[in-house]
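Right, one structure below, let's go through it.
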Protein chains: 2
Amino acid sequence: MSLRMALLGVLSAYGSASGYDLTKGFERSVAHAWQAGHSQIYPELAKMTADGLVTVEAEGARGRKIYSITPEGRAELRAWLIGHDPTGPARSEIALQAFLLPLLDPGEALAVLERLKTYAERKLAELEALWAAKHASPVPEGTSGVRFGDLALDLGIRHTRTTLQWVNDAMAQLERRA
Amino acid sequence: MSLRMALLGVLSAYGSASGYDLTKGFERSVAHAWQAGHSQIYPELAKMTADGLVTVEAEGARGRKIYSITPEGRAELRAWLIGHDPTGPARSEIALQAFLLPLLDPGEALAVLERLKTYAERKLAELEALWAAKHASPVPEGTSGVRFGDLALDLGIRHTRTTLQWVNDAMAQLERRA
DNA sequence: ACCGACATGTAAACGGTTACATGATTTG
DNA sequence: CAAATCATGTAACCGTTTACATGTCGGT
């Protein structure tokens, strides 16, 4: 369902868009919350059309199909947001490596943590750059007062900061024993 | 690969175990970092046996097969921990709902955040209880000084606390505008 | 005798990734 | 005219979930 909802959301924000646009839009906007490539998006849009959640509004140049959300689509999205409990299983390779870390001797473990640190730092810089870029331009039209995607980006930044802090603390703890 | 590594890790910590034991062990110990049910574990153990990473040490009552890790298995696990960059795509339903939240009017958005808050609170309580239970008993044998799984549990707790804080801030922000 | 926990497996379906395949239009 | 970008699709594969299927052992 999540892919569907992400597509409905982005489409709803765009007003109308092609599969191609949505693929690019995913990379730019939702990427840190949900990912999908064109090979997943095109078939899904076809299924959603069959289910009446979106319609092909027009067909442009190069076989470009322009989709827009239907009232049914809007209703489904709303219902999911209001009613769906995000129970999604939290699989994280970082957490798994953290779990298994005591199997290594302290020196090796430190090296792994060093790697995780670099990774987290890079990701944090990326997300913060995205935030800065978004907030450089003045406020565009907003549904309420909060900009589309800002809440999710904020969450992502906070999570990454937490990870970074955890790595630092874990390293300090290991060094004290080494 | 991750499932394999999680299995090798748990098996390595247990010394020896059956598929059944590992399934139960997953629920108890790695659940917050990685999940797998028996229907995924049994076939994987068979493949790992074929690949020489584990061996059937003995066959007990009720067709119970007792596995243990081989030197090759240990080597693979070590190599993965030291060499594998955790690039795993971060898909999060919470982040997705956060992303889409501005599509709702403030009252509805608040209700969604309230739900997320309850969810995060329940999860935090769960993880903290797990932590308390683990640390109630005195220190068991440890590979270094850190207990198996403690680092990952700590990370999980910190992440959940961060989520909770984010929800609270988002709610306050919305209420200021409502 | 029955129930619950132990114990192992398979199959169908689903979601996601990677690779294959094709062609139109714009820009240098 | 060549290269980049636009634009859409399909197929094979892999990992995960859910459901089906079977049987054993211990306690009541």
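Numbered from 1 within each chain, the chains take letters A, B, ... in sequence-line order.
For the pair L45(B) CG and dG15(D) C1', the interatomic distance rounds to 16 Å; values are reported in whole Å. L22(A) places its CG atom 12 Å from the P atom of dA7(D), with the value rounded to the nearest Å. What separates CE of M1(B) from C1' of dC14(D) is a distance of 11 Å, to the nearest Å. Rounded to an integer number of Å, the gap from NZ of K47(A) to C1' of dT8(D) is 16 Å. Between Q35(A) atom CD and dT17(C) atom C1' there is a gap of 12 Å when expressed in whole angstrom units. As a whole-Å value, the separation of I41(A) CD1 from dT18(C) P is 14 Å. Taking atom CZ of residue R4(B) and atom P of nucleotide dG15(D), one finds them 9 Å apart after rounding to whole Å. Atom CD of E59(A) and atom P of dA24(C) are 16 Å apart (whole Å).
Under the 4.0 Å criterion applied to side-chain N and carboxylate O atoms, K47(A) and E44(A) are assigned as salt-bridge partners.
No side-chain donor-acceptor contact under 3.5 Å links S68(A) and S16(A). A donor atom on one side chain and an acceptor atom on the other are found under 3.5 Å apart for T163(A) and H159(B). Residues E126(B) and H32(B) bring no donor and acceptor atom of their side chains to less than 3.5 Å of each other.
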Subject >> nucleotides 8-14 of chain C: protein proximity per nucleotide (B base, S sugar-phosphate only, - neither; heavy atom, under 4.0 Å) >> reply: BBB----

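For Y42(B), the ring pair (Phe, Tyr, Trp, His ring centres under 6.0 Å) partners are H38(B), not counting sequence neighbours. With sequence neighbours excluded, no residue satisfies side chain to side chain donor-acceptor pair (under 3.5 Å) with T23(B).
Within 4.0 Å of R91(B), counting heavy atoms only, lie sugar-phosphate atoms of the nucleic acid but no base atom.
For W34(B) and dG15(D), the shortest distance from a side-chain N or O to OP1 or OP2 is not below 4.0 Å.
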